[in-house]
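Structure, as structure tokens:
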Amino acid sequence: MSKLSHFTKKKDFLVCVDSDGCAMNTMTIKHTQCFGPYMIAEWGLEQWRDEILARWNAINLHTMTRGINRFQALTMALGEIREKYCEIEDLENLEQWTQTSAELTNCALERAVAQSDSICLKKALSWSIAVDRSVAHLTRDEKRPFDGVRRALARAHRYADVAVISNANLSTVLEEWDLYGLLEHTDIVLARDSGSKIHCIDSLIKMGYTKHHVLLCGDAPDDLHAAQENDILFYPILAKHENESWEEFSVAGFAHLLKGEYAGAYQQNKIDAFLKNLGG
């Protein structure tokens with residue numbers, strides 16, 4: 001279920017779905033309880049805790065940088081902290097790594113740490129590992145799908161292959177989707193170990209889909225970019241309006257896709273609302 005080599009095209013349509021913040025109501029709690037607080041602890045920033053956490057949440061949840069890679073977000077936040085609050089030792093090495101690494105994952109960072117004496121790279125890896133442990137301990141009730149997701153996926157799966165495309169850890173995605181029976185409405189789960197969203201979607205298209213039969217449901221600008229780079233359709237799940245977004249997808253969005261009426265005015269209106277919602 002998580003290997004491209006094991007996937008076979010069964011239907012003419014393909015619906016790709018992001019996980020955190022899109023299908024699963026987990027993005028906010030992960031940032032407010034895990035990512036942000038553990039950054040405060042790792043770098044000893046308690047003196048400015050409230051202000052820094054508010055800015056972390058803005059970067060990752062409420063603006064056009066929503067959904068960016070964790071290490072890119074960390075680099076951005078630490079850069080602002082250095083300018084406004086205190087020195088961040090050796091930050092230039094983390095900045096260079098995020099700009100030059102072929103992949104921004106724990107494994108890639110572990111390799112960089114093994115070749116470097118960089119204190120900032122070591123702290124970034126310690127932070128990321130601590131975040132993953134913290135996320136793993138969130139309760140079942142803290143890892144719920146948005147209302148309407150299961151119904152929408154069940155309907156879509158009758159007419160389309162369904163793929164999960166996520167930047168999160170594969171084990172985390174599988175656990176969260178299995179908790180609420182969502183995996184039975186999917187055909188493949190691709191997480192960050194499979195490569196970028198652009199790469200994963202491109203690989204799936206090459207299984208034989210016509211591009212105007214492929215749609216990505218996502219909640220972040222990175223999802224829109226992945227859809228545009230692959231010249232496929234995009235349906236946005238609006239932050240703070242996720243339940244309504246999934247309801248419309250079930251009632252109208254997916255029907256437009258099946259009828260060949262999604263591209264054009266309908267999609268552009270959805271994208272315009274998406275960008276406005278994030279201040280873009």
Residues which pass ring pair (Phe, Tyr, Trp, His ring centres under 6.0 Å) with [X], listed by chain and number, not counting sequence neighbours:
X      : answer
Trp43  : none
Tyr38  : none
His185 : none
Phe71  : Trp97

Heavy-atom distance under 4.5 Å between the side chains of [X] and [Y], does that happen here?
X      : Y      : answer
Glu42  : Ser126 : yes
Val189 : Leu170 : yes
Asp117 : Lys122 : yes
His157 : Glu184 : no
Arg144 : Met24  : no
Leu4   : Leu204 : yes
Lys197 : Asp18  : yes
Val173 : Val164 : yes

*Not counting sequence neighbours, list each pair that qualifies as a side-chain hydrogen bond (donor to acceptor under 3.5 Å, both in side chains) and has a residue in residues 199-208.*
Asp202-Lys206

How close do [X] and [Y] get, heavy atom to heavy atom, and via which atoms?
X      : Y      : answer
Tyr235 : Gly253 : CE1-CA, 4.5 Å
Pro236 : Tyr262 : CD-OH, 4.5 Å
Ala255 : Val251 : CB-O, 4.2 Å
Ile201 : Ala226 : CD1-CB, 4.1 Å

Salt-bridge contact [X]-[Y] (side-chain N to carboxylate O under 4.0 Å):
X      : Y      : value
Glu51  : Lys84  : no
Asp187 : Lys11  : no
Glu103 : Arg111 : yes
Lys30  : Glu176 : yes

*Taking it one step at a time, do Arg82 and Glu87 satisfy salt bridge (charged side-chain N to carboxylate O under 4.0 Å, His left out)?*
CA-CA 5 Å; Arg82 178 179 59 185; Glu87 179 59 33; 5.2 Å; no

*Please indicate whether Lys9 has more than 12 foreign heavy atoms, meaning atoms of other residues, nucleotides or ligands, lying under 6.0 Å from its NZ.*
yes

For a quick check under 3.5 Å, do [X] and [Y] share a side-chain donor-acceptor pair by atom type?
X      : Y      : answer
Asp272 : Asn269 : no
Glu142 : Thr26  : no
Trp177 : Thr186 : no
Arg192 : Asn169 : yes
Asn106 : Asp132 : yes

*asked:* The test is ring-ring contact (aromatic ring centres under 6.0 Å, His included); show your working for His31 and Phe35 and say whether it passes.
replied: CA-CA 5 Å; His31 281 289; Phe35 284 97; 4.6 Å; yes

*Going through the distances and angles, do Tyr159 and Phe13 end up as a ring-ring contact (aromatic ring centres under 6.0 Å, His included)?*
CA-CA 7 Å; Tyr159 306 97; Phe13 291 88; 8.6 Å; no

*Test side chain to side chain contact (heavy atoms under 4.5 Å, CB included) applied to Val15 and Leu233, Leu216, Leu257, the passing residue*: Leu257

*Who passes side-chain contact (heavy atoms from CB on, under 4.5 Å) against Lys259, sequence neighbours left out?*
Glu261

_For Ile52, side-chain contact (heavy atoms from CB on, under 4.5 Å) partners two or more places apart_ = Met39, Ile40, Leu45, Trp48, Ile81, Tyr85

*Determine, stepwise, if the pair Lys270 / Glu248 fulfils salt bridge (charged side-chain N to carboxylate O under 4.0 Å, His left out).*
CA-CA 11 Å; Lys270 300 305 296 178; Glu248 182 179 341; 2.9 Å; yes

_Straight-line distance of Ile237 CD1 to Glu242 CD, nearest 0.5 Å_ = 8.0 Å

Taking salt bridge (charged side-chain N to carboxylate O under 4.0 Å, His left out) as the test, write out the residues that go with [X], two or more places apart.
X      : value
Arg155 : none
Asp161 : none
Glu92  : none
Arg151 : Glu247

*Each residue besides Met76 in its hydrophobic cluster should be listed here, by chain and number; the cluster joins Ile, Leu, Val, Met, Phe, Trp and Tyr at side-chain heavy-atom distances under 4.5 Å.*
Ile59, Ile68

*Evaluate the ring planes of Trp56 and Trp127, with Trp represented by its six-membered ring, and classify them as parallel (under 30°), tilted (30 to 60°) or perpendicular (over 60°).*
perpendicular

*Do any N or O atoms from the side chain of Ser128 and from the backbone of Leu125 form a donor-acceptor pair under 3.5 angstrom?*
no

*Under the salt bridge (charged side-chain N to carboxylate O under 4.0 Å, His left out) rule, what do Arg66 and Asp222 come out as? Steps first, then yes or no, please.*
CA-CA 8 Å; Arg66 176 183 172 92; Asp222 176 62; over 6 Å; no

